[in-house]
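Contents: one structure, followed by commentary.
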2 protein chains.
Amino acid sequence: MTLSDKNFAFVMHCGEMGSRWGFNRTIGQMCGLLIITKEPMTANEIADALSISRGNVSMGIKELQSWRLIKVHHIPGDRKEYYAPAGTIWDMANRVFEERKKREIDPTLSLLRDNLLEPATNDDEKFAQQQMHEIHDLLETVTKWSSELQRLSPEQLQSLMKLGSGIGKVLDFKDKILKKP
Amino acid sequence: MTLSDKNFAFVMHCGEMGSRWGFNRTIGQMCGLLIITKEPMTANEIADALSISRGNVSMGIKELQSWRLIKVHHIPGDRKEYYAPAGTIWDMANRVFEERKKREIDPTLSLLRDNLLEPATNDDEKFAQQQMHEIHDLLETVTKWSSELQRLSPEQLQSLMKLGSGIGKVLDFKDKILKKP
DNA sequence: CATAGCTTTCATTATTTATTGAAACTTGAG
DNA sequence: CTCAAGTTTCAATAAATAATGAAAGCTATG
């Protein structure tokens, strides 16, 4: 099966963006390819479509699974594994978001926590700790906020985002609202 | 000037995280170093503190300036340039966020827009376009939302984030609120 | 307008990251 | 148990990215 020009362009774009989204070129391409392909694909089909080695596909699959972005399908009487996206676009975006938080924020939060437990021993350390404290608080707020957002239903989340400029107005009323039982 | 062990550990951590945050090791270190150092630093001081070449520092400064994360200070009677963070921790986080949106989302949004203008010419393209449409809508919602958030004052934003689980309750009331004049 | 003091550039080199493909491994069917 | 169809691993290699440092470029001052 060979991709149309437009679809090929999309897949290549995903490749170019791959490293910015947190993986590498090949894995970006694989992800894009699986998203725009209706039927689940075998590893060999992926390798052919992208002109990359079978081994590389195997690595990529492992990585995409670690991000929980793809799932395996089986066809009765066929020993091959077929791969497909592990959910809706929305699900996938959430997974990427979550996974990146884990890689980009959590380790720093943990380092900062440890650092702030020990008392500063001189002025340089005192100033540094103030700064680290600010970073810590910021990251913690973001973390808490993002886990609140995850807790909302997709509908609530959509509704919140669609609020747009209404958000300011809503905020003005929050105190009143939160006092009600 | 030499860093204490704790401060050094923080700077090295910033280096390790650098590439996950969107730059590279050295630039991560430079950023961390400038944040925890009270006084603005010269390029040579930075090179010494991190044991890297003067040329590398120059590159890093250029890059950090393109992210608008640092600014230049001058001391009367001194021809050297002194560098310091270009704002509060909060400001810097915002800048990184904005810049990353520009690099990670905007190009894809643009590609998708172009692609969706042309009609699909067969079933594969039709399916692909449905998927791209979903991605497009998701990215557009996120983009609009993030620009709304940027429009809020830091205080409002803090207050929104601190809402935490209250957000669900507030959402339930939004329809009532938005009807009021 | 010459130069000292500083910054930037960029070709070269070093380091890191990704890819290949052959060999090893796994597994279901006969 | 054996084989064939498939998958994974990993040492070797290729490609991409980052760092160095010498040379070129600026610019404030005498």
Side-chain angles (χ1 to χ4, degrees), chain A residues 11-34 40-67 70-84 100 103-104, chain B residues 11-34 39-67 70-84 103-104:
Chain A
V11 171
M12 289 303 115
H13 174 85
C14 290
E16 278 144 38
M17 300 302 286
S19 58
R20 298 189 174 174
W21 295 339
F23 6 89
N24 67 29
R25 179 155 38 97
T26 305
I27 291 174
Q29 290 174 351
M30 289 178 56
C31 193
L33 178 63
L34 290 174
M41 297 179 80
T42 63
N44 278 319
E45 286 170 344
I46 295 171
D48 286 353
L50 303 176
S51 312
I52 58 177
S53 74
R54 185 60 185 73
N56 201 0
V57 172
S58 187
M59 306 286 234
I61 286 168
K62 206 165 56 165
E63 181 76 2
L64 284 170
Q65 279 171 332
S66 91
W67 287 74
I70 60 173
K71 66 182 173 199
V72 185
H73 271 248
H74 282 107
I75 295 184
D78 186 343
R79 287 176 59 179
K80 291 190 285 300
E81 318 222 84
Y82 289 79
Y83 300 96
R100 284 178 62 168
R103 298 171 189 216
E104 297 172 12
Chain B
V11 171
M12 291 300 117
H13 174 86
C14 291
E16 278 146 36
M17 299 302 286
S19 58
R20 298 189 174 175
W21 294 338
F23 7 90
N24 66 32
R25 180 156 35 98
T26 306
I27 291 175
Q29 289 173 354
M30 288 177 56
C31 191
L33 177 64
L34 289 173
E39 299 302 325
M41 297 180 80
T42 64
N44 278 320
E45 286 170 343
I46 295 171
D48 285 354
L50 303 176
S51 313
I52 58 178
S53 74
R54 184 61 185 71
N56 201 0
V57 172
S58 186
M59 307 284 234
I61 286 167
K62 207 165 54 164
E63 180 77 2
L64 284 170
Q65 279 171 331
S66 88
W67 287 75
I70 60 173
K71 64 181 176 202
V72 184
H73 270 247
H74 283 108
I75 294 183
D78 187 341
R79 287 177 57 181
K80 291 192 284 299
E81 320 222 80
Y82 289 78
Y83 299 96
R103 299 172 188 216
E104 296 172 13

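Only a predicted model underlies this, so the values are computations on that prediction, with no experimental measurement involved. In what follows, chains are A, B, ... by sequence order, proteins preceding strands, each numbered from 1.
Judged by the 6.0 Å and 45° rule, B:R20 forms no cation-pi pair with A:W21.
Between B:K62 and B:S58 there is no side-chain heavy-atom pair separated by less than 4.5 Å. Residues B:T42 and B:E81 fail the side-chain proximity criterion, which asks for heavy atoms closer than 4.5 Å. Under the 4.5 Å side-chain criterion, counting only non-hydrogen atoms from C-beta, B:V57 is not in contact with B:T26.
Not one side-chain nitrogen or oxygen of B:K62 sits closer than 4.0 Å to the OP1 or OP2 atom of C:dT7.
C:dT19 atom P lies 14 Å from atom CD1 of A:I61, rounded to whole Å. Distance B:H73 NE2 to C:dC6 C1': 19 Å, rounded to the nearest Å. At whole-Å resolution of the value, CG in B:D78 and P in D:dT27 are 17 Å apart. To the nearest angstrom, P of D:dA4 lies 17 Å from NZ of A:K80. For the pair A:I75 CD1 and D:dA5 C1', the interatomic distance rounds to 16 Å; values are reported in whole Å.
Closest approach of B:M17 to A:E104, counting heavy atoms only: CE-O, 3.5 Å.
Only at 4.0 angstrom or more do the heavy atoms of residues 42-52 of chain B sit from any atom of DNA chain C, so none qualifies. Heavy-atom distances under 4.0 Å link DNA chain C to A:N24, A:T26 of residues 22-30 of chain A, given in residue order.
Counting only distance, with no hydrogens or angles, the side chain of B:E16 and the backbone of B:H13 share no donor-acceptor pair below 3.5 Å.
Rounding to the nearest 0.5 Å gives a distance of 13.0 Å between SG of A:C14 and CD1 of A:I27. Note that CG of A:L50 and CE of A:M41 are 7.0 Å apart. Values are rounded to the nearest 0.5 Å.
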For side chain to side chain contact (heavy atoms under 4.5 Å, CB included), just list the numbers for A:N56 and A:S53, CA-CA rounded to whole Å, side-chain angles, deciding distance to a tenth of an Å, and then say yes or no.
CA-CA 5 Å; A:N56 201 0; A:S53 74; 3.3 Å; yes
Given protein heavy atoms under 4.0 Å, the one-letter contact record of nucleotides 21-30 of chain C, with B base, S sugar-phosphate only and - none, is simply B-----BB--
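With respect to A:K80 and A:E45, no salt bridge is recorded, no charged nitrogen being found less than 4.0 Å from a carboxylate O.
Looking at B:H73, B:Q65, B:K71 one by one, the single match for side-chain contact (heavy atoms from CB on, under 4.5 Å) with B:Y83 turns out to be B:Q65.
The side chain of A:Y83 has D:dT8 as its nearest neighbour among D:dG6, D:dT8, C:dT8.
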